[in-house]
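Heads up: the structure comes next, in structure tokens.
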There are 2 protein chains.
Amino acid sequence: MENEQLDLIFKALSDGTRRRIIERLSVQSEQSLFEVCAASITDDGVALSRQTISQHLRVLQEAGLIKTSWKGRTKAHSLNDEEKHQDAIDWLKKYIRSGEGK
Amino acid sequence: MENEQLDLIFKALSDGTRRRIIERLSVQSEQSLFEVCAASITDDGVALSRQTISQHLRVLQEAGLIKTSWKGRTKAHSLNDEEKHQDAIDWLKKYIRSGEGK
DNA sequence: TTGACGTGCAGTTAAATTACAGCATTTAAT
DNA sequence: ATTAAATGCTGTAATTTAACTGCACGTCAA
């Protein structure tokens, strides 16, 4: 009754750093934590710590927006398209006044 | 460069109480603060204070998701469809793998 | 098997968020 | 002109979040 899942999705997307991570993962998937860190520095200009980026990635994963897989000792992060993004869109579309009243 | 507006939109939507307010405003528009309070009680079963609901409405308005107008001493709250909801959808749609890479 | 590499986990701090109460302000009605 | 109704504004406490530091763990290579 609380739709906890939408909470997680929208909260994950409410942070600019996390949205930029998603944007970069959509261009280049299977990125490790270090690669995401490096891209954050070069693209955003701010050097966030490895632990901070790791935390952001965990938030994105708990929301179902990205998926991970281990390649040896490296964890690859990729976009989980189609899944939760669509859930959020479905909710939003109900309030665009498609027909009118409902 | 920070897209502050998307921050506000997604953050506003990350709270279940606020999403339910939007859902009810889509059914019945031009609701006063007291009407929103009353609906929260009857629909959600939880009695949040007037100040708390007022704060939630302000968050929704600052995100551009609802609009307000004064009718005498009563402030009418209505859904701002088409506007910011569409902005959020546009952002999300880029990561649904429409074509593929981009 | 030793050591470097890639992550995870625990704990800290400052700032933001959510809930509330109390008082002030404005408007309509008597 | 008073009063009641509908909100706004200020401040407080508890919770959460975003950033960090430090240490520990598992894996691959030499």
Side-chain angles (χ1 to χ4, degrees), chain A residues 2-22 25 28-41 44-63 65-78, chain B residues 2-22 25 28-41 44-63 65-78:
Chain A
E2 279 294 318
N3 211 335
E4 187 84 25
Q5 196 57 38
L6 275 178
D7 279 27
L8 295 178
I9 295 170
F10 285 127
K11 183 156 293 186
L13 294 174
S14 72
D15 186 285
T17 298
R18 285 194 289 265
R19 285 200 308 277
R20 283 191 293 276
I21 288 175
I22 286 186
L25 285 180
Q28 170 84 37
S29 62
E30 301 279 304
Q31 290 194 54
S32 72
L33 172 57
F34 274 146
E35 291 176 295
V36 175
C37 284
S40 290
I41 297 176
D44 304 347
V46 198
L48 294 174
S49 78
R50 175 180 61 81
Q51 291 85 346
T52 298
I53 298 287
S54 173
Q55 200 165 261
H56 282 306
L57 288 170
R58 188 165 52 79
V59 171
L60 288 170
Q61 199 214 325
E62 285 173 356
L65 294 169
I66 67 174
K67 54 191 172 189
T68 62
S69 64
W70 284 93
K71 313 277 186 188
R73 61 183 166 185
T74 300
K75 192 179 190 179
H77 303 80
S78 299
Chain B
E2 279 292 318
N3 211 336
E4 186 83 24
Q5 197 56 40
L6 276 178
D7 279 26
L8 295 178
I9 294 170
F10 284 127
K11 181 155 294 184
L13 294 174
S14 72
D15 185 286
T17 298
R18 286 194 288 264
R19 286 200 306 277
R20 285 191 292 276
I21 289 176
I22 286 185
L25 286 181
Q28 170 84 37
S29 62
E30 301 279 304
Q31 290 193 54
S32 73
L33 171 58
F34 275 145
E35 290 177 297
V36 175
C37 285
S40 291
I41 296 176
D44 304 347
V46 198
L48 294 174
S49 78
R50 175 181 61 81
Q51 292 86 344
T52 299
I53 297 288
S54 174
Q55 202 165 260
H56 281 306
L57 288 170
R58 188 166 52 78
V59 171
L60 288 170
Q61 200 213 323
E62 284 174 357
L65 293 169
I66 66 174
K67 55 190 170 187
T68 60
S69 64
W70 284 93
K71 314 276 185 187
R73 62 184 166 188
T74 300
K75 191 180 191 179
H77 301 80
S78 299

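Keep in mind that the numbers below use all heavy atoms, side chains included, and drop hydrogens, waters and symmetry copies. In the text below, chain A, chain B and the rest are named by the order of the sequence lines, each starting its count at 1.
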note = Its contact letters, B for base, S for sugar-phosphate only and - for none at protein heavy atoms under 4.0 Å, make nucleotides 20-30 of chain D read BBB----BB--
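- An OP1 or OP2 oxygen of dA19(D) is reached within less than 4.0 angstrom by a side-chain nitrogen or oxygen of H56(A).
- The distance between atom CZ of R58(A) and atom P of dA19(D), rounded to the nearest whole Å, is 13 Å.
- Note: CD (E30(A)) to P (dG6(C)) measures 17 Å, nearest angstrom.
- Atom pair F34(A):CZ and dA4(C):P shows a separation of 15 Å (rounding to whole Å applied).
- H77(A) places no side-chain N or O within donor-acceptor distance of the main-chain N or O of T68(A), the cut-off being under 3.5 Å.
- To the nearest 0.5 Å, the span separating OG on S29(A) from CD1 on I66(A) amounts to 12.0 Å.
- The CH2-P distance, from W70(B) to dA6(D), rounds to 11 Å in whole Å.
- Between E35(B) atom CD and dA5(D) atom C1' there is a gap of 14 Å when expressed in whole angstrom units.
- Heavy-atom minimum distance, F34(A) versus R50(A): CE2-CD, 3.5 Å.
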Ignoring hydrogens and angles, write down the donor-acceptor pairs under 3.5 Å from the side chains of residues 7-15 of chain A, residues two or more places apart or on other chains.
unit_1, atom_1, unit_2, atom_2, d
D7(A), OD1, R19(B), NH1, 2.9
D7(A), OD1, R19(B), NH2, 2.7
S14(A), OG, K11(A), O, 2.8
D15(A), OD1, T17(A), N, 2.8
D15(A), OD1, R18(A), N, 3.2

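- If you check residues 9-18 of chain A against DNA chain C, you find no residue with a heavy atom closer than 4.0 Å.
- The distance from the CD atom of Q55(A) to the CG atom of L48(A) is 11.0 Å, given to the nearest 0.5 Å.
- Proximity of a side-chain donor or acceptor of Q5(A) to a complementary backbone N or O of A63(A) within less than 3.5 Å is detected.
- dA16(C) atom P lies 11 Å from atom CD of E4(B), rounded to whole Å.
- Pairing each heavy atom of I41(B) with each of A47(B), the nearest pair is CG1-CA, 3.8 Å.
- Annotation: side chain of Q28(A) is not in contact with side chain of E35(A) (no heavy-atom distance under 4.5 Å).
- Atom CG in L33(A) sits about 5 Å away from atom P in dT7(C), given to the nearest Å.
- Heavy-atom minimum distance, S78(B) versus L25(B): C-CD1, 4.4 Å.
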